[in-house]
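Below is one structure, written out as structure tokens; the observations come after it.
Order of listing sets the numbers, starting from 1, for every ligand and every atom in it.
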Amino acid sequence: MTIRRPRLVAITRSVSPAFAECELTHLTREPIDVGLARRQHAAYEALLAELGCEVEHLPEEPGLPDSVFVEDAAVVVDELAVVTRPGTESRRGETASVAAALAQHRPLGRIEALATLDGGDVLRIGKRVFVGLSERTNREGVAQLAALLAPFGYEVEGVPLDGCLHLKTAVTEVAEGTVVINPRWIDRATFGAYKQVEVDDEEPFAANVLRVASGNRDGEVVVMPAAFPRTAERLAARGVNVRTLDVSEIAKAEGGVTCCSILVAGAPSGAE
Ligand code: CIR
């Protein structure tokens with residue numbers, strides 16, 4: 001029998017040798033073991049592959065410390081990929097190679113100066129697109145994204161946040177209609193239309209989880225850092241299929257599990 005599975009491409013890039021010089025906004029700099037970060041990142045890619053993603057690994061960028069965080073360079077919906085203009089100067093060089101990779105999968109749109117927008121600030125839930133008004137993303141960035149996505153029926157809204165780097169540091173979708181949220185950084189009322197699972201008080205960074213729906217035998221899986229077992233337990237109690245990874249070195253760079261990939265859903269592929 002032929003089973004037709006939806007393709008799910010995961011665009012990734014290895015940890016730069018300059019990773020220890022990453023940008024930091026809310027965290028204090030701690031020594032980063034770049035070798036360990038690379039092994040943790042390789043395990044992340046291996047897990048995505050195991051979950052049924054086709055991993056498209058971009059070449060390393062030795063001069064761009066934060067280039068492993070590909071999520072910030074683009075926003076992808078079914079109809080379009082929007083190449084961002086990252087809010088920090090040191091990261092603007094990351095977008096060209098990501099755009100070239102995405103051009104194989106989607107028509108491209110672009111956020112233009114003087115707008116700024118980091119992909120980590122963009123949370124799409126169905127046709128609603130929430131955009132964090134963070135230190136990286138300005139109102140012009142929200143307006144340009146809204147104009148690019150409006151023809152496809154997406155409603156884009158700017159959302160204030162406080163105390164964390166990106167919107168998706170504070171909230172992500174874990175299952176259809178359910179978010180995991182840290183209400184200290186974001187107003188819960190903004191997400192009042194969804195069921196909410198709060199992070200454990202001792203795990204403020206646990207709201208950044210990666211939902212992978214690749215249609216493989218495990219069904220839908222939520223990937224999250226192993227450092228947050230209490231929140232993982234809360235999600236598992238709701239029936240979420242959680243897989244954890246040790247990403248300690250990536251966390252020291254203020255990154256999480258969504259930041260290290262861009263998931264691009266594709267047409268069904270003939271399989272088995
Ligand atoms: C930065 O400050 O830009 C990086 N050190 C961390 C970016 C993390 N990206 C993300 O949450 N989407």
Electrostatic pair E89-R92, nearest N-O below 4.0 angstrom: yes
Option of least heavy-atom distance to atom 7 (C) of ligand 1 (set: R91, R136, E71, E23): R91
Close-contact set for ligand 1 against G120 heavy atoms, below 4.0 Å: 12 (N)
Protein residue, atom and distance nearest to atom 9 (N) of ligand 1, heavy-atom basis: D72 OD2, 2.8 Å
Per-atom contacts of ligand 1 with A253, taking only distances under 4.0 Å to non-hydrogen atoms: 4 (C), 5 (N), 6 (C)
E233 atom CD, over 12 foreign heavy atoms within 6.0 Å: no
Residue pair R85 / Q144, side-chain heavy-atom distance below 4.5 Å: no
Nearest neighbour in protein (non-hydrogen) for atom 8 (C) of ligand 1: E254 O, 3.4 Å
Heavy atom of the protein closest to atom 4 (C) of ligand 1 (residue, atom name, distance): D66 OD1, 3.2 Å
Protein residue, atom and distance nearest to atom 10 (C) of ligand 1, heavy-atom basis: C259 SG, 2.9 Å
Show every donor-acceptor pair shorter than 3.5 Å between a side-chain atom in residues 151-163 and any protein atom, with sequence neighbours excluded, or say none if there are none.
| residue | atom | partner | partner atom | Å |
| --- | --- | --- | --- | --- |
| Y154 | OH | E79 | OE1 | 2.8 |
| E157 | OE2 | R128 | NH2 | 2.9 |

Ligand 1 contact on H166 by region, counting heavy-atom pairs under 4.0 Å: side chain
Given V222, V221, T172, L48, the one that forms side-chain contact (heavy atoms from CB on, under 4.5 Å) with L210: L48
Student check: side-chain heavy atoms of E21 and S16 closer than 4.5 Å: no
